[in-house]
Amino acid sequence: MRLAGSLRIVVIALCVGLTWILASVMLGNQGAFPRIQKLLTRPENSPAPDAKPKRHKCGLPQACPDQHFSFRVVSGAANVIGPKLCFEDRMVMSSVQNNVGRGLNVVLINDVNDLLKFIRPLYDGTLIMVASYDDAATKMNEEARKIFMDLGSTAAKELAFRDSWVFLGAKGIEDKSPFELHMKNSKATNKYEGWPEALELEGCVPARTNETL
């Protein structure tokens, strides 16, 4: 009996509520109904509850314009987490792919002679992405530093022991590349014991890199 009484009260309450809403519409009551309607409807331009944000190449916050390449370069964190190099949504190098190593990660280069053999014959317009891991400077000689400077780097000349460095340059660039970050190894500012924090560089690089970046 108690259950039946409770159900009767609920039914009566629903009927009263629906009657009030219908009366508001029919009598032109613009006060209460719009507020109820607002609660029951989703704003016109708001995303659906299950909508996911659109993903752009290499995880960039927005898509690159036409005739531009998307990229993301992340240096290694201390000597624990390896660097990541993504180009046009392709993860070229990462710890997951097991193709990174300590030193300069261009194409897993850690020997200065191999590095020079690799970057000397680059032709104009070739893009080069670099990410440090652990220590990228100790084995670099003056020729290697000059080549990176010719590719648009301003930090290669002063790169020192365990500095963090990420860079995107190009063969034949007429000016310095705007795509470069460098953080010195300093006890006063290091995020990790003996190493500065990892650096992350991302953006859109024009396809005709031999003219300008």
Side-chain angles (χ1 to χ4, degrees), residues 52-64 68-112 114-116 118-119 127-170 173 175-205 213:
K52 296 180 180 180
K54 188 174 181 179
R55 184 188 178 281
H56 300 290
K57 292 180 178 179
C58 290
L60 268 61
Q62 60 185 22
C64 290
H68 282 69
F69 300 123
S70 59
F71 76 93
R72 180 189 296 270
V73 185
V74 184
S75 68
N79 62 346
V80 180
I81 302 174
K84 297 178 182 178
L85 292 91
C86 177
F87 185 77
E88 277 295 281
D89 218 25
R90 178 189 172 191
M91 189 61 69
V92 182
M93 301 180 73
S94 71
S95 295
V96 174
Q97 293 174 290
N98 197 30
N99 63 349
V100 298
R102 296 179 182 178
L104 285 173
N105 282 270
V106 183
V107 178
L108 195 57
I109 300 296
N110 194 33
D111 179 86
V112 69
D114 289 340
L115 173 64
L116 292 173
F118 178 75
I119 61 178
L127 286 172
I128 183 168
M129 294 191 299
V130 183
S132 65
Y133 182 27
D134 188 7
D135 172 41
T138 301
K139 295 183 179 180
M140 285 183 67
N141 60 19
E142 290 304 313
E143 182 183 0
R145 293 175 187 272
K146 185 180 184 306
I147 290 177
F148 280 119
M149 292 168 65
D150 291 341
L151 293 168
S153 171
T154 56
K157 184 177 181 180
E158 59 183 29
L159 197 67
F161 177 66
R162 287 184 176 176
D163 286 0
S164 285
W165 182 43
V166 287
F167 168 65
L168 184 146
I173 185 174
D175 205 346
K176 299 304 179 184
S177 171
F179 303 117
E180 183 173 33
L181 294 174
H182 173 219
M183 181 167 288
K184 300 289 290 182
N185 171 21
S186 170
K187 291 182 179 180
T189 58
N190 280 350
K191 182 174 182 178
Y192 310 104
E193 185 177 354
W195 290 270
E197 65 180 307
L199 297 176
E200 183 171 341
L201 184 67
E202 64 180 31
C204 303
V205 58
L213 287 181

[X] to [Y] - nearest heavy-atom pair and separation:
X      : Y      : answer
Tyr133 : Asn105 : CB-ND2, 3.5 Å
Glu158 : Lys184 : O-NZ, 3.4 Å
Ser75  : Ala131 : CA-CB, 4.1 Å
Val205 : Leu168 : CG2-CD2, 3.9 Å
Glu200 : Leu181 : O-CD1, 3.3 Å
His56  : Pro61  : CD2-O, 3.5 Å

Main-chain N/O of [Y] paired with [X] side-chain donor or acceptor, under 3.5 Å:
X      : Y      : value
Asp163 : Ala160 : yes
Asn190 : Glu193 : no
Arg72  : Cys58  : yes
Asp135 : Ala137 : yes
Ser164 : Met183 : no
Glu197 : Lys191 : no
Asn99  : Ser94  : yes

Next on the checklist: Taking the basic N atoms (NZ, or NE/NH1/NH2) and the acidic carboxylate oxygens, is any pair closer than 4.0 Å for Asp89 and Arg55?
Outcome noted: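 Answer for the salt bridge query: yes.
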Checklist entry - Would Asp134 and Arg162 pass as an ion pair if we require N to O under 4.0 Å? => result yes
Item to check | Full working for side chain to side chain contact (heavy atoms under 4.5 Å, CB included) between Val96 and Asn98 | outcome: CA-CA 5 Å; Val96 174; Asn98 197 30; over 6 Å; no
Out of curiosity, [X] [atom1] to [Y] [atom2], how far, rounded to the nearest 0.5 Å?
X      : Y      : atom1 : atom2 : answer
Met93  : Cys86  : CE    : SG    : 13.0 Å
Asn141 : Leu116 : CG    : CG    : 5.5 Å
Lys146 : Met140 : NZ    : CE    : 13.0 Å
Met149 : Lys157 : CE    : NZ    : 5.5 Å
Ile128 : Ile147 : CD1   : CD1   : 9.0 Å
Gln97  : Lys84  : CD    : NZ    : 10.5 Å

Item to check | Where at least one partner belongs to residues 71-93, residue pairs that pass ring-ring contact (aromatic ring centres under 6.0 Å, His included), sequence neighbours excluded | outcome: Phe69-Phe87, Phe71-Phe179
Checklist entry - Is the closest side-chain heavy-atom distance between His182 and Leu159 below 4.5 Å? => result yes
Next on the checklist: Applying side chain to side chain contact (heavy atoms under 4.5 Å, CB included) to Phe167 and Leu199, what does each step give before you reach the verdict?
Outcome noted: CA-CA 10 Å; Phe167 168 65; Leu199 297 176; over 6 Å; no
Item to check | Criterion side chain to side chain contact (heavy atoms under 4.5 Å, CB included) on Trp195 and Asn185, from CA distance to verdict | outcome: CA-CA 6 Å; Trp195 290 270; Asn185 171 21; 5.9 Å; no
Checklist entry - By side-chain hydrogen bond (donor to acceptor under 3.5 Å, both in side chains), which residues pair with Glu180, not counting sequence neighbours? => result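 Result, side-chain hydrogen bond (donor to acceptor under 3.5 Å, both in side chains) vs Glu180: Ser153, Thr154, Trp165.
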Item to check | side chain to side chain contact (heavy atoms under 4.5 Å, CB included) assessment of Ile173 paired with Leu151 | outcome: CA-CA 6 Å; Ile173 185 174; Leu151 293 168; 5.5 Å; no
